[in-house]
Amino acid sequence: MSRNDEQPGVAQDLFQAARTAMGHAHAPYSHFPVGAALRGAGGGIFAGCNVENASYPEGWCAETSAIAALISAGETTITEILVMAQNKHKIVPCGGCRQRLAEFAGQDTPVHLCGQAGIAETVRLGDLLPRAFQLKDLT
Ligand code: THU
């Protein structure tokens with residue numbers, strides 16, 4: 001039984017979606033599969049995995065894939081975030097993905113940091129990226 005199974009209901013749907021996506025990760029270079037799942041304001045769940053490339057800079061993160069799915073479905077707002085690594089007890093989103101997530105989520109949006117066994121820690125997006133650069137900063 002995983003820790004997440006012991007906390008039924010705590011983002012279980014996001015956890016399952018991220019785990020499924022992580023199983024499809026294309027990570028032949030880093031051998032570091034990652035999955036991410038986002039809850040949209042409309043209640044939908046959007047998941048993605050990292051997709052690496054032989055031209056290394058052309059790869060992208062799991063969070064980026066999940067954001068692309070969310071936006072492509074017509075959702076505009078993220079209300080809950082979960083990210084998971086296969087090889088670690090806990091993963092934190094990279095700096096670039098913190099910025100991407102902040103475009104569609106608020107400072108108080110929960111971010112569940114996971115390994116395969118379950119949620120290791122839950123933090124606020126604002127804790128990961130305080131004072132995010134945003135649209136209002138362009139005007
Ligand atoms: N990775 C993610 O998918 N999300 C993160 O937040 C951190 C890193 C991926 C990118 C790359 O495919 C692999 O993990 C190793 O950096």
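Just so you know, ligand 1 is whichever comes first in the structure, and atom 1 is the first atom listed for that ligand. Quick note: numbers below take in every heavy atom, side chains included, and nothing from hydrogens, waters or symmetry partners. By convention here, the first residue in the shown sequence is residue 1.
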Subject >> side-chain contact (heavy atoms from CB on, under 4.5 Å) between Glu121 and Lys90, intermediate numbers included >> reply: CA-CA 8 Å; Glu121 187 180 357; Lys90 176 168 69 178; 2.6 Å; yes
**OP:** Output the distance between atom NE2 (His31) and atom CD (Gln86), rounded to the nearest 0.5 Å.
**Re:** 11.5 Å
Report each N/O pair between ligand 1 and the protein that falls under 3.5 Å, naming both atoms.
from, atom 1, to, atom 2, distance (Å)
ligand 1, 3 (O), Ala62, N, 2.8
ligand 1, 4 (N), Glu63, OE1, 2.8
ligand 1, 6 (O), Glu63, OE1, 3.4
ligand 1, 6 (O), Glu63, OE2, 2.7
ligand 1, 6 (O), Cys94, N, 2.9
ligand 1, 12 (O), Asn50, ND2, 2.9
ligand 1, 12 (O), Glu52, OE2, 2.5

Original post:
Out of curiosity, Leu70 CG to Leu38 CG, how far, rounded to the nearest 0.5 Å?
Top reply: 6.0 Å
Subject >> Gap separating the CD1 atom of Ile91 from the CG atom of Leu82, nearest 0.5 angstrom >> reply: 11.0 Å
**OP:** Using a cut-off of 6.0 Å, state whether more than 12 heavy atoms not belonging to His24 lie near its atom NE2.
**Re:** no
Subject >> Check: Ala41 main-chain N/O paired with Glu75 side-chain donor or acceptor under 3.5 Å >> reply: yes
